[in-house]
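Below you'll find the structure, written out as structure tokens, and then a few comments.
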Amino acid sequence: MDYILHLAITMSIWGILTLSLNYVAGFTGIISLSHATFYGIGAYSTAILTVKYGFSFLLSVAIGMFLAAVIAYIVSIPLLKLQEDAFILVSFGFAIIGYHVLLNWQSITNGALGIKGIKAPVIFGFSFSGKPLFLCLVLVALICTYFILHRIVKSPYGTIMKNIRENSIVASVNGHDVTAYKRSVYTVGALFAALAGSLMATFLMFIEPKSFELMISVFILIALILGGMGNLKGSILGAVFIILIPEILRFVGFPNTIIGEMQQITYGLILVLLMILRPQGLLGEYKI
Amino acid sequence: MLKKFAFITLFFASLVLVGCARSQEVTTSELPDVIKIGWVGPLTGGLGGVGQDAKAAVEFYFTEHPMIGGKQVEVIYEDGKCNGADAAAATQKLITVDGVQAILGGACSGETLASAPIAEQNKVVMISSLSSSPEVTTAGDYIFRNYISDDQVAKTMVNYMLSRNEKIAVLSEQTDFAQGFTHAIVKHMEAAGASDKLVLNESFGVDNTDFRTLLTKVKEAGAGALVSMVQTPVSGGFMARQAKELGLDIQIYGTDTLPAPDFFDTAKDAAEGAIAVLASEDLSRGRFADFKASIEAPQSTYAISAFAYDAAEVLARAIEKVGYNGNAIKDYFYTMPTFNGVASDVKFDVNGDNNIQAAVKVARDGEFVFEK
Amino acid sequence: MLQVRDLDLHIGGLKILNHLTFDVPDQSITGLIGPNGAGKSMFFNTLFGLFQVNGGSIRFNDVELVGKKPHEISHLGIIRTFQDARLLPQITVLENLLAATRYAEPTTLSRVFFHKKALYQEYLSHVKRAQSLLKRVGLESKIHAMGKDLSYGQTKLIEILKLFMADNQVILLDEPFSGLFPEMIKIITELILELVKSGRTIMLVEHNMKLISEVCNHVIVMDAGTTIASGTFSQIRSKSAVAEAYLGD
């Protein structure tokens with residue numbers, strides 16, 4: 001039914017997001033808290049280009065991914081120089097800056113009002129309107145993302161990524177240009193986050209700055225940790241869980257007076273329990 | 001690897017097939033045994049208080065009127081968490097799983113705008129009693145609201161200020177709502193050809209409570225009117241008091257983020273005379289006085305409860321008249337006669353908006369009251 | 001030939017290396033000895049560009065090493081072990097060895113996607129080499145064990161095996177025998193001697209004087225960041241009483 005399709009689509013898009021963060025944080029150890037910013041760049045690129053300028057969907061996605069990659073690359077130059085703690089704080093700050101740009105650059109982003117009326121993707125004349133078709137499109141994107149990232153992390157490149165995660169000094173002594181690798185990883189991660197953003201924009205047909213604020217970056221990280229860092233299948237699982245748990249809680253018969261709060265408390269409890277019982281996540285190979 | 005891939009494909013293919021099976025469309029106008037109505041709004045989070053108030057008002061209405069046409073009403077409340085993605089999922093669930101033909105919601109504009117396409121596609125009516133974004137005006141044929149749009153409020157405020165011929169300064173908090181409203185103010189000033197009267201337009205960080213530097217700039221700019229576009233009454237209170245401390249003799253304007261006990265507690269005597277332009281309950285309305293007397297005090301304002309109550313009543317009357325069907329209710333809404341509600345008159349225009357005037361209230365002795 | 005001239009390293013007001021000057025002869029096994037805190041490990045770190053030098057130079061075959069990044073130093077054919085034998089904990093032993101492997105070309109994304117066959121072939125040959133190395137020291141069963149699950153002795157052994165995974169000319173060994181049982185020391189000594197036979201230059205930081213005297217053909221004595229003696233073991237041994245104070249092991 002439509003509701004299940006809706007959730008399947010949401011989970012698939014979050015699957016792409018979580019995979020992309022896994023690539024950056026789970027495999028390479030770059031704990032980025034600004035991933036949602038690139039998600040937002042992809043979403044807004046598609047929204048603005050298709051709604052305001054009539055660009056085709058594919059072109060808007062390509063531009064969104066390109067933009068995210070360029071911004072990621074530029075930001076990574078000063079950002080990756082920082083040590084872990086400082087890095088996390090600054091990526092925090094970058095997320096907040098990103099949100100404010102979306103909010104205040106009103107001439108382009110329409111600010112707080114958001115952008116509505118984003119149409120369903122049309123690829124080579126074929127319209128992907130309707131949930132079943134859209135799910136197919138998203139699944140294709142998810143599978144492509146998985147396979148591309150899988151290819152990379154299973155190769156010697158992946159060994160180097162993990163080397164950097166475990167000990168970047170040993171990695172550089174082993175002969176790997178750590179800075180160059182980190183920059184490349186951060187950029188590729190941004191690319192796929194933007195792809196997820198483009199898909200989400202055409203799915204909800206409406207976006208606003210709030211959809212890309214700091215908390216979203218945190219949620220992606222939670223999904224990643226939940227599913228397990230350093231394991232690509234885990235990312236899919238993490239995305240499924242983080243979307244599914246609150247939805248399942250809708251059906252638990254909490255009394256009407258406290259329904260909202262109980263759902264939130266239960267959700268929080270489940271997350272805490274999972275972290276206590278299995279801190280490396282469901283399929284994880286890596287603990288921070 | 002291939003086996004796993006095949007399994008996943010099969011799994012999702014079956015989902016697609018299941019999704020293709022059309023869910024029963026309600027084509028009859030007969031009333032079902034239980035009339036399930038949906039509700040989407042923020043039950044948790046920053047605007048949880050507002051959402052809870054709206055929910056309480058709806059519950060209050062249906063406790064007083066539990067039946068429509070002899071059939072039991074059941075309202076299913078879902079937490080939209082004041083964001084588009086969650087509200088969209090909630091709306092989809094209400095439509096697909098619960099089979100509702102009408103939804104009271106969203107509250108936050110993002111909730112409404114993200115839910116709108118889903119409601120449109122399924123021919124389900126949405127009535128928002130709280131969304132103020134101008135974008136909701138064109139969100140769809142099935143989307144209605146009895147609340148006033150920020151655009152209308154901003155326009156009222158700008159017209160009022162311009163009629164006093166003052167130079168205007170705007171200080172706005174860096175939040176969705178405050179920035180959106182400021183944007184509308186600027187737009188309406190431009191439309192009125194009065195952009196030159198806007199002598200200062202600055203923003204400040206969320207939850208900031210020290211405005212002295214900004215207020216000094218306001219003083220230097222020679223403004224006679226200060227729009228205090230804050231997100232919370234406490235910030236507004238600080239701004240008013242610090243303005244007074246700086247000897248800034250200026251007329252303060254705000255909107256519905258000002259009127260609250262916090263504003264008066266923080267601003268003390270600096271609050272006196274501040275003007276709030278907002279969607280507001282009209283105390284002169286007989287129905288409102290009765291309503292206020294019978295409902296439990298809300299966490300936020302009576303306006304929110306009142307508008308939510310009206311949305312519920314308008315919907316209930318529509319169902320009574322034309323049956324529980326999204327299409328029928330939609331058609332009825334566009335043609336219905338003016339409804340005398342608790343918060344306001346309700347008459348939907350061609351866009352599904354309710355073109356009521358924003359109220360102008362003045363702070364007198366610890367309360368915002370209507371100007372005589 | 002490694003030439004160190006007037007190398008200065010100041011950290012937090014302390015002169016860790018103070019006009020450090022010595023030569024490491026080609027294809028020698030040079031011992032680097034001295035009391036704790038003399039700056040021996042710090043010299044290795046500095047050579048590798050892990051710290052910014054305050055003055056002086058290190059030349060390797062007439063190439064200036066000061067100012068180069070660690071991976072650039074590695075590409076010149078210089079490799080090292082770490083005193084605390086850093087086996088990367090959350091990856092397998094095999095991956096640890098592969099991480100230290102030198103591929104024909106740096107592994108880039110384009111190699112992964114456009115030269116995957118060639119890359120894969122190389123990868124397989126490196127895996128074979130890793131497997132045979134582990135077999136030699138009886139650790140083939142640990143090939144897929146996580147780095148953190150190995151004992152101290154096994155970790156130090158793998159640290160040495162990493163040296164066989166990358167082509168190199170200069171090997172810096174930082175206390176490879178510390179904390180090991182005699183049996184383990186024997187195995188590692190054999191491995192090191194094998195490396196020596198193949199014509200590499202080796203620098204060995206070690207406190208065990210018996211080993212130094214047996215293995216090294218050149219010795220440098222450091223104290224407080226500077227050289228106080230150099231030459232063959234018997235030469236430095238016969239030097240002043242100060243040098244003797246450090247040899248009582």
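In the text below, chain A, chain B and the rest are named by the order of the sequence lines, each starting its count at 1.
Note on Ser109(B), Gly48(B), Cys82(B): by heavy-atom pairs under 4.5 Å with chain A, the leading option is Cys82(B). By number of non-hydrogen pairs under 4.5 angstrom with chain A, the leading residue of Lys93(B), Gln179(B), Glu59(B) is Lys93(B). Comparing Pro134(B), Gly51(B), Ala90(B) by how many heavy-atom pairs each has under 4.5 Å with chain A, the most go to Ala90(B). Comparing Ala85(B), Ser133(B), Ala88(B), Gly180(B) by how many heavy-atom pairs each has under 4.5 Å with chain A, the most go to Ala88(B).
Interatomic distance, Leu113(A) CG to Asp150(B) CG, rounded to the nearest 0.5 Å: 8.5 Å. Here CD1 of Ile259(A) is found 7.0 Å from NZ of Lys55(B). Values are rounded to the nearest 0.5 Å. Between Asn104(A) atom CG and Ser172(B) atom OG the span is 8.0 Å, to the nearest 0.5 Å. To the nearest 0.5 angstrom, Glu120(B) atom CD is 10.0 Å from Met205(A) atom CE. Taking CD1 of Ile243(A) as the start and CG of Asp86(B) as the end, the distance is 8.0 Å to the nearest 0.5 Å.
Residue Tyr3(A) touches chain B through both its backbone and its side chain, counting heavy-atom pairs closer than 4.5 Å. Residue contact with chain B, scored on non-hydrogen atoms closer than 4.5 Å, involves the backbone and the side chain of Glu261(A) alike. Neither the backbone nor the side chain of Val136(B) has a heavy atom closer than 4.5 Å to any heavy atom of chain A. With a 4.5 Å cut-off on non-hydrogen atoms, Phe251(A) touches chain B through its side chain but not through its backbone. Neither the backbone nor the side chain of Ala56(B) comes within contact range of chain A, judged by heavy atoms closer than 4.5 Å. For chain A, no part of Thr182(B) is nearby; none of its heavy atoms comes within less than 4.5 Å.
Residue-level contacts of residues 209-216 of chain A with chain B, in order of numbering, are Pro209(A), Lys210(A); threshold 4.5 Å between heavy atoms.
No donor-acceptor contact under 3.5 angstrom links the side chains of Lys81(B) and Gln263(A), judged on distance only. Side chain to side chain, Glu135(B) and Asn110(A) meet the donor-acceptor criterion of an N or O pair below 3.5 Å.
Around atom CZ of Phe126(A), more than 12 heavy atoms belonging to other residues, nucleotides or ligands sit under 6.0 Å away. Counting heavy-atom neighbours within 6.0 Å of Lys119(A) NZ, excluding the residue itself, gives a total of 12 or less. Applying the 6.0 Å contact sphere to CZ of Phe92(A) captures no more than 12 heavy atoms from other residues, nucleotides or ligands. Atom CZ of Phe134(A) sits in a crowded spot, with more than 12 heavy atoms from other residues, nucleotides or ligands closer than 6.0 Å.
Ionic pairing of Glu78(B) and Arg250(A) is present here: one or more N-O contacts between side-chain nitrogen and carboxylate oxygen are shorter than 4.0 angstrom.
A side-chain contact (heavy atoms from CB on, under 4.5 Å) with Asp2(A) is found for exactly one of Thr96(B), Ile118(B), Ile95(B), Val97(B), namely Thr96(B).
Here the side chains of Gln92(B) and Lys131(A) are in contact, with some heavy-atom distance below 4.5 Å.
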